[in-house]
2 protein chains.
Amino acid sequence: MGWAAVSAEDNLLELVEAEEPDENDYRLQEQVGFILRKAHQRHVSIFAAHIADLTPPQFAALAKLRDVGETSQNQLGSLIAMDAATVKGVIDRLKARGFVELSKHEIDKRRLLVNLTAEGRDAIERLIPLAREITQETLAPLSAKEAAIFMKLLAKLA
Amino acid sequence: MGWAAVSAEDNLLELVEAEEPDENDYRLQEQVGFILRKAHQRHVSIFAAHIADLTPPQFAALAKLRDVGETSQNQLGSLIAMDAATVKGVIDRLKARGFVELSKHEIDKRRLLVNLTAEGRDAIERLIPLAREITQETLAPLSAKEAAIFMKLLAKLA
DNA sequence: GGAAATTCATTCGTATGCAAATGATATCAA
DNA sequence: TTGATATCATTTGCATACGAATGAATTTCC
């Protein structure tokens, strides 16, 4: 096998390259984590444009309290995907705003119970229609069918 | 029209309810923003399990510098979706680690040029294979076809 | 040429987000 | 019963993330 077999050499190279097409090629902009971060940023920005006086985590806490009623702080955190340290800060700020009130569990003295105040309930009821708009605007780049598929796959991923 | 027309009344109510099926119904767990936040959290967790000594934003900065070479701090920020305040902190920490070096632009004295050090280049080359695994693991709940569809829709959204 | 607008970077303040350590309380098990 | 475990909450430290204000340098435009 001498250098006369030029086309055979080329074919071999093509095969090798076909096995490892991305050896030197890493495109940050195409990685799921990078795009996920950007999509999340965009959502937070849309949220802020519609609801200026509350953050998404604060809204989530109020919305979940509306669903389940009084719960312990950590339990609420697990319902809205926040660890103990994070949920504490969120609840502290909601308390300072008068949207939630805290009390001690009668039996289990470790637990800190959280509940909506009347003002907090008013706020979340008032904000839910805006939250629907936020969801709509976030999904606006997709058709209805695309959005449905996307939501199903995103849920699988999360 | 008296109260004899009971079934007609019922039909009317059904119609009204069909128009507004979710009047009192807001499911936080089904909102795109909430799930997006959880999916992002999951990705960050997977990232940390594979690459313990660098955060996703720090990795993004190194990967992008590898692509484009020396750039100004703000320009780098816009390439990886970070505002000026955020990118400064990321670059400061990468500089403290010896992964990037800073210099002043000769002509435009406002600009702060950022570039990889030899150590930074070694690091990013070493980490890219791990980053591929991170992407794979993040998308693991989806089939190859689902992942392709998801990435296309996610890109549209971000 | 020079005032106005723009760009680059920094700083400050506020808000997640999480790991790790700690203390108080409750539960489990030998 | 009591000693080991587990749970609930707090605190500290670090790292994004972004709005707003500031200062320095450049560009635009009349």
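Reminder, nothing fancy here: chain letters follow the sequence lines and each chain counts from 1. Values reported hereafter were calculated over all heavy atoms of this structure, with side chains retained and with hydrogens, waters and symmetry mates removed.
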Starting at CD of B:Q75 and ending at P of C:dC8, how long is that distance when rounded to a whole Å?
8 Å
Reckon A:I107 touches a base, only the sugar-phosphate, or nothing at all at heavy-atom distances under 4.0 Å?
sugar-phosphate
Euclidean distance, atom CG of residue B:L54 to atom P of D:dT16 [Å, nearest integer]:
9 Å
Between D:dG13 (C1') and A:D83 (CG): distance, integer Å
14 Å
Would you check if B:V100 and B:I91 make a side-chain contact, meaning some heavy-atom pair closer than 4.5 Å?
yes
4.5 Å side-chain heavy-atom contact, B:I80 and A:F34
yes
Which is more 5' along DNA chain C, the nucleotide nearest B:Q41 or the one nearest A:R111? Just name the residue.
B:Q41
Is the shortest heavy-atom distance from the side chain of B:L127 to the side chain of B:L54 under 4.5 Å?
yes
Rounding to an integer number of Å, can you tell me how far B:D108 CG sits from D:dT26 P?
5 Å
Interatomic distance, A:K88 NZ vs D:dT12 P [rounded to whole Å]:
11 Å
Closest nucleotide among C:dA9, D:dT16, D:dA9 to the A:S72 side chain:
D:dA9
Closest to the A:A84 side chain, choosing from D:dT11, D:dT10, D:dA17:
D:dT10
Rounded interatomic separation in angstrom, taking CE from A:M82 and C1' from C:dC18:
13 Å
Would you mind reading off the distance between B:N74 atom CG and D:dT26 atom P, rounded to a whole angstrom?
15 Å
Side chains of B:E119 and B:R97: closer than 4.5 Å at any heavy-atom pair?
no
Of the listed nucleotides C:dT16, D:dT12, D:dC18, the one nearest the side chain of A:A85:
D:dT12
Return the 5'-most residue of the pair A:R37, A:L112 with respect to DNA chain D, ranking by each residue's nearest nucleotide.
A:L112
Nearest-angstrom distance from the residue atom NE2 of B:H43 to P of C:dG17
15 Å
Among D:dA15, C:dA26, D:dA9, which is the nearest nucleotide to the side chain of B:Q58?
D:dA15
Quick one: label A:T55 by what it contacts on the DNA or RNA (base, sugar-phosphate, nothing), any heavy atom closer than 4.0 Å.
sugar-phosphate
Checking all strands, does B:V90 fall into the base, sugar-phosphate, or nothing category for heavy-atom contacts under 4.0 angstrom?
sugar-phosphate
Closest nucleotide among D:dA25, C:dA15, D:dC18 to the A:R93 side chain:
C:dA15
A:T117 and A:E101: side-chain donor and acceptor closer than 3.5 Å?
no
